[in-house]
Q: 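Here it is, the structure in full.
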Amino acid sequence: MKNENKKNRAQGLNEDEVFQKRLEKHCDELKWLYMELYRNDSMFAELCDHMKQFYQERNKTLKKLDGKREADPNWYKQNDMLGMMFYINNFAGNMKGVKDKLDYIEQCNVNYIHLMPFLDTPKGRSDGGYAVSDFRKVQEELGSMEDLERLTAACHRKKINVCMDFVMNHTSEDHEWAKKARQGEGEYMSRYFFFENSYEPSLYEKTVPQVFPTTAPGNFTWIADAGHFVMTTFYPYQWDLNYKNPRVFNEMMYNFLYLANRGIDIIRIDAVPYIWKELNTSCRNLPQVHTIVRMMRIISEIVCPGILLLGEVVMEPEKVVPYFGTVEKPECHMLYNVTTMATTWHTVATRDVKLLKKQLDIVNSLPKDYVFLNYLRCHDDIGWGLDYGSLLEEGMEERSHKQYLNDFFQGYAGESNSRGELYNADPITGDARFCGTTASMCGIEKAGFEQNSQAMEKAVRQDLMLHAYMFMQSGIPVLYSGDEIGQVNDYTYKEDPDKAEDSRYIHRGAMKWDLAGNVMDMDTVEGKIFQGLDKLEKIRKAEKVFVSNADTWTIETWDKSVLCIGRYFEGHKIIGLFNFSEYDKTAWINETDGDYVELISGNEMQPIGVNIPAYGYYYLKKK
């Protein structure tokens, strides 16, 4: 790619010629994939015309950034990437407010912000912003498209990347297409899945799992004024789009390119496994999904090659990994490390690292080109998608273990200090998901309520240990806004009728800027967590070994509560030790290959029979 850019400059290619060269490079594959799905020459020609139009409309600053990233395609795999995700209104009121808070974001060492859904949605039927009624309009209370462009431009001046959600599986029932479909216009009905009676929906229901069996059971909704059923995999007000219709694909790609041209660097493809539906299947992870994602990757590489695709695939590793594509035909640049996140909290509840070690070994064995986003918490609930086959070998049955985990994190079992609430609990299956902030799950909320300074010290240490461990994983770490100051659960959501039924809002509370004012005061919880994270983040950015393609492996400690991770890159080696127990432990490792220094304290320390305090953590670097 670097040679391509040099060649372009040497040849003195103008912008149109650069586009044409990119198109020629990818056109054969794009056309083959498109015709395989749609067999429609005229629609493909229209797509190409629109791609050129969006390229021409892309501003010079973004085109310059595209060229820079084309010359260094591994730009996002370095050890300086640290993300933070937040809802705009909770974080700073609106987009102008976020722009005013960029200095704080820099102070957090963050150079990648994920703006949670901000496109237009109907009040009370938004699913947290994932029911989009207009893909080219910002929610009025958050600002405008012009505000978004000003924000992304300001971020780029500070070398901060901006991520947004592209909700392509469905639209709101208030979207223009849905309104016309409801009125019986055939062209728009064909953009969704409409059925005159319950026969075909009943056939789908035989093989398609339910996403929200208690709050939104079934996969179809009867639309009385339209006299039809419509497919609604998530909520009744979110109508699934029919990607068998080439008009849907084309129009959604135009929305995709429009948003990319507003200065977005990372497009998070929401609910990507669901976007193709076939009768007699689970309507998940079908081959056509990969065709669509591959086409998206090609289209972006032609029009806006500086952007990254982030796939939201909330499934076990064997179903997640295919969304990277292949080296020759890549799909997503990055994927979420969902199973590791869930397994981390299982480890907190059991004080046993065995399953986590196995999970990390699986991820570490994958090709180094694969980049995962690692996180402790996000905007969503925690679903207990664990390796129950392995747990059964340890005598842990799935239903009873899920019950234990939910009881533990509510503070009912296992000598837990956690606080939080269940989401979508199903009394029949015993399934439920858990909601709570990182700080509350570590005991900071409980210790604060009880005014127990000793318990607070331990809770803060556990919080920092978990972040230190997350930074050690292979990939890019992402913080959820508020975690950098130990923000606890917000129970005021119960007072809002639009949120009261959704316990996920317990960990989506507004940023406490008064508490953020304490970040330099080490006598406060906020200062201890912020400064502790600051030290870890600066170590990560200073040490080459934290690049995402470093060799990473686990080391046996001979203590079930202590995890050890090794990292190696170009002669640099670091060993991380993490005690998941509230008791002092000894890691019986025996690394005798030289002298080591502990990076957090600066003390010399040999990685041989290391004593670790309760919830302690060390970064040992070979000299």
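What's counted below: heavy atoms across the whole structure, side chains too, no hydrogens, waters or symmetry copies.
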Q: Do Leu241 and Met168 pass the side chain to side chain contact (heavy atoms under 4.5 Å, CB included) test, and can you show the C-alpha distance, the side-chain angles, and the key distance before you say yes or no?
A: CA-CA 8 Å; Leu241 287 167; Met168 62 182 295; 5.8 Å; no

Q: At what distance, to the nearest 0.5 angstrom, does OG1 of Thr233 lie from CD1 of Ile275?
A: 12.0 Å

Q: Name all pairs fulfilling the ring pair (Phe, Tyr, Trp, His ring centres under 6.0 Å) condition that reach into residues 381-402, sequence neighbours left out, sorted by first residue then second.
A: His346-His401, Trp384-Phe409

Q: Indicate the atoms forming the closest heavy-atom contact of Leu259 with Phe135, along with that distance.
A: CD2-O, 3.6 Å

Q: Distance from Asn364 atom CG to Gln473 atom CD, nearest 0.5 Å?
A: 9.0 Å

Q: Are Phe86 and His114 near enough that their ring centres are under 6.0 Å apart?
A: no

Q: Under 4.0 Å between a side-chain nitrogen and a carboxylate oxygen: does that hold for Arg508 and Asp490?
A: no

Q: So Tyr469 and Phe580, would you call those rings parallel, tilted or perpendicular, with 30° and 60° as cut-offs?
A: perpendicular

Q: Could you tell me whether the side chain of Met295 reaches within less than 4.5 Å of the side chain of Met253, counting heavy atoms only?
A: no

Q: Assess the residue pair Phe229 and Tyr199 against the criterion (side chain to side chain contact (heavy atoms under 4.5 Å, CB included)); give the C-alpha distance rounded to whole Å, side-chain angles, the decisive distance to 0.1 Å, and a yes or no.
A: CA-CA 10 Å; Phe229 285 93; Tyr199 176 67; over 6 Å; no

Q: For a quick test of reading the model, state the closest non-hydrogen atom pair linking Ala181 to Phe194 and the distance between them.
A: CB-CE1, 3.7 Å

Q: Among residues at least two apart in sequence or on other chains, which ones pass side-chain hydrogen bond (donor to acceptor under 3.5 Å, both in side chains) with Glu421?
A: Tyr493, Lys494

Q: Do the side-chain N and O atoms of Asp426 and Thr214 include a donor-acceptor pair separated by under 3.5 angstrom?
A: no

Q: With sequence neighbours left out, write down each residue that passes ring-ring contact (aromatic ring centres under 6.0 Å, His included) with Tyr480, or none if nothing qualifies.
A: none

Q: Would you give the length of the straight line joining atom CH2 of Trp222 to atom CG of Asn197, rounded to the nearest 0.5 angstrom?
A: 8.5 Å

Q: Of all heavy-atom pairs between Leu119 and Asp134, which one has the smallest distance, and what is that distance?
A: CB-O, 3.8 Å

Q: Using a strict cut-off of less than 4.0 Å between a Lys/Arg side-chain nitrogen and an Asp/Glu carboxylate oxygen, indicate whether Glu495 and Lys499 qualify as a salt bridge.
A: no

Q: In terms of side-chain geometry, is the basic nitrogen of Asp352 or Lys354 positioned less than 4.0 Å from the acidic oxygen of its partner?
A: no

Q: Which class fits the ring pair Phe195 and Phe193: parallel under 30°, tilted 30 to 60°, perpendicular over 60°?
A: parallel

Q: Looking at Cys378 and Met85, what are the two nearest heavy atoms and their distance?
A: CB-SD, 3.8 Å

Q: I'd like to check Tyr112 versus Val478 (side-chain heavy atoms, cut-off strictly below 4.5 Å). Are they in contact?
A: yes

Q: So, taking the atom named OG1 in Thr215 and the one named CZ in Phe234, what distance separates them when rounded to the nearest 0.5 Å?
A: 11.5 Å

Q: Where the side chain of Thr152 meets the backbone of Arg262, is there a donor-acceptor pair that is under 3.5 Å apart?
A: yes

Q: If you look only at distance, which donor and acceptor atoms sit under 3.5 Å apart when one is on a side chain in residues 441-448 and the other is two or more places apart or in another chain?
A:
unit_1	atom_1	unit_2	atom_2	d
Glu445	OE1	Ser440	OG	2.6
Glu445	OE1	Asn489	ND2	3.1
Glu445	OE1	Tyr491	OH	3.4
Glu445	OE2	Tyr491	OH	2.7
Lys446	NZ	Asn417	OD1	3.4
Lys446	NZ	Glu450	OE1	3.3
Lys446	NZ	Glu450	OE2	3.3

Q: Verify whether one side chain among His507 and Arg377 offers a donor that lies under 3.5 Å from an acceptor in the other.
A: yes

Q: Using a strict cut-off of less than 4.0 Å between a Lys/Arg side-chain nitrogen and an Asp/Glu carboxylate oxygen, indicate whether Glu185 and Lys179 qualify as a salt bridge.
A: no

Q: Taking atom OH of Tyr423 and atom CG of Asp380, what is their separation to the nearest 0.5 Å?
A: 7.0 Å

Q: Specify the closest pair of heavy atoms between Ala425 and Pro427, including all atoms of both residues, with the distance to one decimal.
A: O-CD, 3.6 Å

Q: With no hydrogens and no angle check, do the side chains of Asn285 and Tyr323 hold a donor and an acceptor under 3.5 Å apart?
A: yes

Q: After noting the C-alpha distance and the side-chain angles of His50 and Leu257, does the key distance pass the side chain to side chain contact (heavy atoms under 4.5 Å, CB included) rule?
A: CA-CA 9 Å; His50 277 70; Leu257 294 173; over 6 Å; no

Q: Hey, which of Tyr38, Phe249, Tyr34 is the one that makes ring pair (Phe, Tyr, Trp, His ring centres under 6.0 Å) with Phe44?
A: Tyr34

Q: Taking the six-membered ring for Trp, are the ring centroids of Phe324 and Phe372 within less than 6.0 Å of each other?
A: yes

Q: Is there a donor-acceptor pair under 3.5 Å between the side chain of Asn374 and the backbone N or O of Ser474?
A: yes

Q: Between the main-chain N or O of Tyr204 and the side-chain N or O of Asn219, is there a donor-acceptor pair closer than 3.5 Å?
A: no

Q: Just by distance, do the side chain of Gln410 and the backbone of Phe408 share a donor-acceptor pair under 3.5 Å?
A: no

Q: Does any part of the side chain of Met145, heavy atoms only, come nearer than 4.5 Å to the side chain of Val138, both counted from C-beta?
A: yes

Q: Check whether Thr340 reaches the backbone of Asn337 with its side chain - one donor and one acceptor, N or O, closer than 3.5 Å.
A: no

Q: May I ask you to decide if the ring planes of Trp177 and Tyr192 are parallel, tilted or perpendicular, using 30° and 60° as cut-offs?
A: perpendicular

Q: Taking Ser503 for the side chain and Leu422 for the main chain, is one N or O donor matched with an acceptor at less than 3.5 Å?
A: yes

Q: Side chain of Thr121, backbone of Gly129: donor and acceptor closer than 3.5 Å?
A: no

Q: Would a distance-only check, ignoring hydrogens and angles, find a side-chain to backbone donor-acceptor pair under 3.5 Å from Asp407 to Tyr404?
A: no

Q: Taking Arg297 for the side chain and Glu331 for the main chain, is one N or O donor matched with an acceptor at less than 3.5 Å?
A: yes

Q: Which heavy-atom pair separates Ser190 from Asn242 by the least distance, and what is that distance?
A: O-ND2, 3.4 Å

Q: Could you tell me if Asn89 and Glu141 have a donor-acceptor pair between their side chains, going purely by distance under 3.5 Å?
A: no

Q: Counting only heavy atoms not in Glu36 (residues, nucleotides, ligands), do more than 12 fall under 6.0 Å from its CD?
A: yes

Q: Does some side-chain heavy atom of Thr339 sit less than 4.5 Å from a side-chain heavy atom of Gln359?
A: yes

Q: Pair Asn255, Phe166 - check side chain to side chain contact (heavy atoms under 4.5 Å, CB included), show working.
A: CA-CA 9 Å; Asn255 288 329; Phe166 185 56; 4.1 Å; yes

Q: According to the salt bridge (Lys or Arg N to Asp or Glu O under 4.0 Å) rule, which pairs have a member within residues 203-229, sequence neighbours left out?
A: Arg182-Asp225

Q: Once rounded to the nearest 0.5 Å, what's the spacing between atom CG of Leu386 and atom OG1 of Thr347?
A: 8.5 Å

Q: Which residues pass the ring-ring contact (aromatic ring centres under 6.0 Å, His included) test with His379, sequence neighbours left out?
A: Tyr130

Q: Carefully, step by step, assess Phe212 and Tyr235 under the rule ring pair (Phe, Tyr, Trp, His ring centres under 6.0 Å).
A: CA-CA 8 Å; Phe212 300 128; Tyr235 284 103; 4.8 Å; yes

Q: Main chain of Ala459, side chain of Asp463: is a donor-acceptor contact present, judged purely on distance under 3.5 Å?
A: no

